Amino acid sequence: MTGKARPIPAGELRAAVDAVRPWLAGEAEQPPRSVLGAAVRTSTRWLAQQVPGRSVELRVPPHVAVQLVPGPRHTRGTPPNVVETDAATWLRLATGELTWAQALADGRVSASGNRADLSTHLPLAPLRRP
């Protein structure tokens, strides 16, 4: 996150992700790029506001890249701690439909660096199903 972004309320996070849940469950066609992008951006930025820092870069191309997790920050070039995945995988991790360990084992997530383990932050609390 750059600058002083407006905090994202949990309700806004839930609304953005709820719009893509039928697709994630295989019950609907892929939503429009704007809807999918909003779910990805809102959820990654919500996580960045919960775990502020600049030591890990979370990339979900082509939608967003955010920095989060306390620790040493990087200023130039490729950061030493990078997590990269696709939109569907990220949203499944964020909602708890997929575990971090499963995503790594299946090669759905690329995580490099000693701080690039986001498992303790997933799923995102407001998105957990009761």
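Keep in mind it's a predicted model, so treat the numbers as computed, not measured. Throughout, numbering of the chain's residues begins at 1 and tracks the sequence.
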Between the CG atom in Leu122 and the CG atom in Leu124, the distance rounded to the nearest 0.5 Å is 6.0 Å
Passing option when Ser112 is tested against Val83, Val56, Asn81, Val82 for side-chain contact (heavy atoms from CB on, under 4.5 Å):
Val82
Scan the side chains in residues 9-28 for donor-acceptor partners under 3.5 Å anywhere in the protein, sequence neighbours excluded, and list what turns up.
residue, atom, partner, partner atom, Å
Glu12, OE1, Arg6, NH1, 3.0
Glu12, OE1, Arg6, NH2, 3.4
Glu12, OE2, Arg6, NH2, 3.0
Asp18, OD1, Arg21, NE, 2.9
Arg21, NH2, Leu127, O, 2.9

Output all residues satisfying side-chain contact (heavy atoms from CB on, under 4.5 Å) with Pro32, sequence neighbours left out; order by chain, then residue number.
Ser34, Val35
Ala103: side-chain contact (heavy atoms from CB on, under 4.5 Å) partners, not counting sequence neighbours:
Thr89, Leu93, Leu98, Arg108, Val109
In sequence, state the C-alpha distance, the side-chain angles, and the governing distance for Val66 and Glu57, and then conclude on side-chain contact (heavy atoms from CB on, under 4.5 Å).
CA-CA 6 Å; Val66 296; Glu57 185 164 290; over 6 Å; no
Measure the spacing between CG of Asp117 and CH2 of Trp100 and express it to the nearest 0.5 Å.
6.0 Å
Could you tell me which non-hydrogen atom of Gly96 sits nearest to which non-hydrogen atom of Pro123, and how far apart they are?
N-CB, 3.3 Å
Can you name the residues that form a side-chain contact (heavy atoms from CB on, under 4.5 Å) with Gln50, not counting sequence neighbours?
Trp46
Is it the case that the side chain of Gln49 and the backbone of Ile8 share a donor-acceptor pair, with hydrogens and angles ignored and the cut-off at 3.5 Å?
yes
What residue pairs, at least two apart or across chains, pass salt bridge (Lys or Arg N to Asp or Glu O under 4.0 Å) with a residue in residues 81-105?
Arg59-Glu84
Under 4.5 Å between any side-chain heavy atoms of Val51 and Pro70, yes or no?
yes
Restricting to non-hydrogen atoms, name the atom on Pro31 and the atom on Leu36 that form the minimum distance, rounded to 0.1 Å.
CG-CB, 4.3 Å
By side-chain contact (heavy atoms from CB on, under 4.5 Å) - contacts of Arg41 (at least two apart)
Ala38, Arg45, His63, Val64
What pairs with Ser110 under side-chain hydrogen bond (donor to acceptor under 3.5 Å, both in side chains), at least two apart in sequence or on another chain?
none
Are the side chain of Thr42 and the backbone of Ala39 linked by a donor-acceptor contact shorter than 3.5 Å?
no
Partners passing side-chain hydrogen bond (donor to acceptor under 3.5 Å, both in side chains) against Thr99 (at least two apart in sequence or in another chain):
Gln102
Check the side chains of Thr44 and Trp90 for a donor-acceptor pair under 3.5 angstrom, ignoring hydrogens and angles.
no
